[in-house]
Amino acid sequence: NAGVTQTPKFRVLKTGQSMTLLCAQDMNHEYMYWYRQDPGMGLRLIHYSVGEGTTAKGEVPDGYNVSRLKKQNFLLGLESAAPSQTSVYFCASSKGQNQETQYFGPGTRLLVL
Amino acid sequence: LAKTTQPISMDSYEGQEVNITCSHNNIATNDYITWYQQFPSQGPRFIIQGYKTKVTNEVASLFIPADRKSSTLSLPRVSLSDTAVYYCLVGNAGNNRKLIWGLGTSLAVNP
């Protein structure tokens, strides 16, 4: 089992460019999440999905879109990157039961110039 | 909406017991309390979870008082490899999930 994997590991964008971050999990988890982590801010939930074909907004959704076309994949898109989106992005998945044990990927470091 | 508060940093020495407390005054009835550990350049990793009273596993214990407004993660006999950031998470399952993460406690274990 690879667990949760994220692609790419690191990316540099110019303001206004677009990109998609890919998250994949092989644990057959129902729930998937996208977080961003900034110094002094902890983890903040961007979007999440409770199943294939469904997505919902988290705490900081503005400037991001997501899609969950397949159960194992959760994509995070930036349509027009801004310097404020410079961050480390983590994807996570969980079974979806009351016990919220989330399994995290290794993260994607994004720098927007 | 539950807000979690935890100390920014703590220092300890090898072999000591470390207790990290998280305050969550507005915890909801169906919220669980979960603690994660994060090393630099890695994603958070699950340590322990509980709903009330005490939970113990092979790496830690979690103490939750009856009012559930706080919780304490206890790490017995820490080693240098326990140097990490520890996060408290309060949340519940369901479609309208609210996952409230603390800002993390940076634990430094000294030799």
Side-chain angles (χ1 to χ4, degrees), chain A residues 2-7 9-10 21 23-25 27 29-51 53-61 68 87-110, chain B residues 1-9 20 22-24 27-52 55 57 59-60 62 64 68 71 84-106:
Chain A
V4 179
T5 58
Q6 293 183 231
T7 308
K9 289 185 171 55
F10 177 69
L21 282 67
C23 175
Q25 53 96 2
M27 296 173 283
H29 284 170
E30 289 294 331
Y31 292 7
M32 297 187 74
Y33 316 78
W34 274 108
Y35 290 93
R36 60 177 290 173
Q37 186 173 43
D38 303 289
M41 300 293 288
L43 284 153
R44 292 183 293 170
L45 184 64
I46 304 172
H47 286 281
Y48 63 93
S49 169
V50 300
T54 69
T55 63
K57 295 180 180 179
E59 181 185 357
V60 289
R68 182 103 181 266
S87 186
V88 179
Y89 292 86
F90 287 103
C91 176
S93 70
S94 69
K95 290 181 181 178
Q97 300 166 357
N98 277 333
Q99 290 92 350
E100 284 294 335
T101 304
Q102 296 180 50
Y103 297 82
F104 282 81
T108 295
R109 292 183 178 275
L110 176 65
Chain B
L1 196 60
K3 176 182 176 182
T4 60
T5 305
Q6 50 184 125
I8 295 174
S9 63
I20 306 174
C22 180
S23 171
H24 29 80
I27 188 169
T29 302
N30 56 348
D31 283 346
Y32 280 76
I33 300 155
T34 313
W35 285 82
Y36 289 81
Q37 175 191 56
Q38 186 178 28
F39 297 110
S41 301
Q42 294 184 24
R45 184 177 69 175
F46 171 86
I47 302 175
I48 196 167
Q49 181 182 77
Y51 184 79
K52 60 181 179 180
V55 179
N57 62 22
V59 298
L62 179 59
I64 305 170
R68 305 203 324 126
S71 58
V85 179
Y86 293 83
Y87 289 95
C88 165
L89 168 64
V90 174
N92 66 88
N95 289 333
N96 188 26
R97 51 188 47 232
K98 297 290 188 286
L99 299 173
I100 308 301
W101 291 78
L103 297 184
T105 298
S106 180

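Every chain is numbered from 1 and lettered A, B, ... according to where its sequence line falls, protein lines coming before strand lines.
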Less than 4.5 Å to any heavy atom of chain B: does that hold for the side chain of [X], its backbone, both, or neither?
| X | result |
| --- | --- |
| A/Tyr103 | neither |
| A/Arg44 | neither |
| A/Gln37 | side chain |

For chain A, which of B/Pro44, B/Gly104, B/Gly43 has the most heavy-atom pairs under 4.5 Å? B/Pro44

Mind listing the closest non-hydrogen atom pair of B/Ile47 and B/Asn57 along with its distance? O-ND2, 2.8 Å

Looking only at side chains, do A/Tyr33 and A/Ser94 share a donor and an acceptor under 3.5 Å apart? yes

Where does the angle between the aromatic ring planes of B/Tyr36 and B/Phe46 fall among parallel (under 30°), tilted (30 to 60°) and perpendicular (over 60°)? perpendicular

Ring geometry between A/Phe104 and A/Phe90 (parallel below 30°, tilted from 30 to 60°, perpendicular above 60°): perpendicular

